Amino acid sequence: MPNVLTLNGGSSSIRFAIYAARVASDAGDGSGKLLEGKVDRIGVSGTVMTFAEVRRGGGPRGTVALEAADHRSAAAFLMDWLGRQPLFDAVEAVGHRIVHGMDHSAPERITPDLVAELRRITAFDPEHLPREIELIEAVGRVRPTLPQVACFDTAFHRGMPRVATILPIPRRYESQGVRRYGFHGLSYTFLMAELARCGVGAARGRVILAHLGNGASLAAVLDGRCIDTSMGFTPAAGLVMSTRSGDLDPGILSFLASSESMDAASYQRMVTQESGLLGVSETSSDLRDLMARAADDVRAAEAVELFCYQARKWIGAFAAALGGIDTLVFSGGIGENAVAVRARICEGLEFLGVGLDGDRNARSAAVVSAAGAGVVVRVIRTDEESVIAAETLRMLNWHTARND
């Protein structure tokens, strides 16, 4: 039975999974997962890989410490480790999450030309694209004939109305690709598929999806089509995030260039690695840490409040773009698990029909909205890897050619 490997390279981590192709061809269906794991804290002290085989009743699991000064060494370690796993022997394709795909609107077979194109656009997303290219090359060194497929995060947003893609700068820059793209598209694809499974037209109408994690964004979806999203030209735009600033006054760059002689590289590092919750709190990028300290540390309290305030504000803005809300979905590590944060974000949105049931919210139930509320508020655990597996299989036509 053929398997498919999924690789999801983040700015400081690599998530991976192996799926059985026989049952993984439906986007959002994680039932075919055989192995899952994550290499975390890449480039800092304490780099570890955790893994677990997925079996009924549990399978082998473990934690492996490693020295990984950068993504290249982490990718090499992971591929060497995977190569010694029996499940890898049956892997016949690899699917990659590619964060920035510019104008690509569907998964594509990875070729030398596509890799060269990704190299050309690394300036569009220097935090992710170089790492993703390293993963592609690491696979090629171990299994050079293995088909690899790129699944683009930006594809979900390709149908946005033109007005939602225009940046208000001189028009000549648009020809260089400078416009709003949107990200977290694989997560949003999964969430919309899950909503469709809920029945009663849950995926239709006016939907706001909130993917809240280390990276955070929202998307406004009308009748199944994305019409706007909070991230823009890069994943650093929109909401305040763990270490990313979100939207900033453009005058800050010229001010810092003048006052501190800050160059473009230093500014990029500041807004992607030193800002957000970490920058405001001066102590931690982890919302859990900040909430634990909020009672005694005004900086932590302000960071938490800023995160909740901005999310609430974006929900209000997207309600205006949609003409109201029928469904609000919380997802991502924060959206799925932070009970108090969900409550604080929704507080004050009663005028839109948003109201939470305290007991349901405390249990992180599938539906956390109050009975009779005008907006159905859901909590859905996202699964980007299952979407990567499904899109890879469909792109290679395995769901029919191999499994009939």
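Values in this document were obtained by computation on a predicted structure and should not be read as measured data.
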With heavy-atom distances below 4.5 Å as the criterion, would you say the side chains of [X] and [Y] are in contact?
X: H104; Y: L114; value: yes
X: D263; Y: R269; value: no
X: E194; Y: R378; value: no
X: L212; Y: L239; value: yes
X: C151; Y: T392; value: yes
X: M270; Y: S275; value: yes
X: T234; Y: D125; value: no
X: I334; Y: F307; value: yes

Review point. Taking only residues two or more places apart in sequence or in another chain, which ones pass side-chain contact (heavy atoms from CB on, under 4.5 Å) with R204?
Key: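 Expected list: D223.
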**Study point:** Under the side-chain contact (heavy atoms from CB on, under 4.5 Å) test, residues paired with A300 that sit two or more places apart
**Key:**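 Expected list: L290, R293, D297.
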**Study point:** For R141, salt bridge (Lys or Arg N to Asp or Glu O under 4.0 Å) partners two or more places apart
**Key:**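 Listed in chain order: nothing, the list is empty.
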Atom [atom1] in [X], atom [atom2] in [Y]: separation rounded to 0.5 Å?
X: R180; Y: T165; atom1: CZ; atom2: OG1; value: 8.5 Å
X: T229; Y: I208; atom1: OG1; atom2: CD1; value: 11.0 Å
X: C346; Y: N361; atom1: SG; atom2: CG; value: 7.5 Å
X: M102; Y: L118; atom1: CE; atom2: CG; value: 10.5 Å
X: E336; Y: F330; atom1: CD; atom2: CZ; value: 12.0 Å
X: T243; Y: E127; atom1: OG1; atom2: CD; value: 7.5 Å

Using every non-hydrogen atom in the two residues, find where [X] and [Y] come nearest and quote the distance to one decimal.
X: M160; Y: R225; result: C-NH2, 3.7 Å
X: A75; Y: L135; result: CB-CD2, 3.8 Å
X: A236; Y: T272; result: CB-CG2, 4.2 Å
X: A138; Y: M79; result: CB-CG, 3.8 Å
X: S364; Y: R342; result: OG-NH2, 2.9 Å
X: V376; Y: V367; result: CG1-CG1, 4.2 Å

**Study point:** Residues in ring pair (Phe, Tyr, Trp, His ring centres under 6.0 Å) contact with F318, at least two apart in sequence or another chain
**Key:**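 Expected list: W314.
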Review point. Can you name the ring pair (Phe, Tyr, Trp, His ring centres under 6.0 Å) partners of F156, sequence neighbours left out?
Key: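 Listed in chain order: Y188.
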Looking only at atom types and distance, does a side-chain atom of [X] sit under 3.5 Å from a main-chain N or O of [Y], one as donor and one as acceptor?
X: S258; Y: S254; result: no
X: T154; Y: G101; result: yes
X: H157; Y: F183; result: yes
X: D326; Y: V207; result: no
X: S217; Y: S230; result: no
X: D40; Y: V48; result: no
X: R109; Y: P147; result: no

Point to revise | CD/E347: more than 12 non-hydrogen atoms of other groups inside 6.0 Å | key: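 No - once you tally the heavy atoms of other residues, nucleotides and ligands closer than 6.0 Å, there are 12 at most.
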Point to revise | More than 12 heavy atoms of other groups within 6.0 Å of R72 CZ | key: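 For R72, atom CZ is not crowded (no more than 12 foreign heavy atoms under 6.0 Å).
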**Study point:** Residue of the set K38, H96, E132, R97 for which side-chain contact (heavy atoms from CB on, under 4.5 Å) holds with N8
**Key:**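 For N8, the side-chain contact (heavy atoms from CB on, under 4.5 Å) check succeeds only for R97.
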Practice item. Mark yes or no: R179 above the aromatic ring of Y181, with NZ or CZ under 6.0 Å from the six-membered ring centre and no more than 45 degrees from the axis. Key: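 Yes, a cation-pi geometry.
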Practice item. With R158 as the cation and F152 as the aromatic partner, state whether NZ or CZ is under 6.0 Å from the six-membered ring centre and within 45° of the axis. Key: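 Negative - R158 is either too far from the ring of F152 or too far off its axis.
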Review point. With the threshold set at 4.0 Å, does a side-chain nitrogen-carboxylate oxygen contact exist between R84 and D80?
Key: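 A salt bridge is present here (some side-chain N lies under 4.0 Å from a carboxylate O).
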Review point. Could E305 and R344 be called an ion pair, given the rule that one side-chain N must be under 4.0 Å from one carboxylate O?
Key: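 Salt bridge between E305 and R344, a charged N being under 4.0 Å from a carboxylate O: yes.
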Exercise for review: Given side chain to side chain contact (heavy atoms under 4.5 Å, CB included), test T6 with E384 step by step and report yes or no.
Suggested key: CA-CA 9 Å; T6 66; E384 293 168 322; over 6 Å; no
Exercise for review: List the steps and the verdict of side chain to side chain contact (heavy atoms under 4.5 Å, CB included) for I18 and L5.
Suggested key: CA-CA 4 Å; I18 293 178; L5 168 67; 3.9 Å; yes
Exercise for review: Scan for ring pair (Phe, Tyr, Trp, His ring centres under 6.0 Å) pairs involving residues 198-242, sequence neighbours excluded, and state none if there are none.
Suggested key: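 Those involving residues 198-242 are F124-F233, H184-H211.
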Review point. Taking it one step at a time, do D383 and K33 satisfy side chain to side chain contact (heavy atoms under 4.5 Å, CB included)?
Key: CA-CA 11 Å; D383 187 350; K33 187 180 292 184; 3.9 Å; yes
Exercise for review: Run the numbers on F190 and I380 for side chain to side chain contact (heavy atoms under 4.5 Å, CB included), then give the verdict.
Suggested key: CA-CA 9 Å; F190 177 87; I380 300 177; 4.1 Å; yes
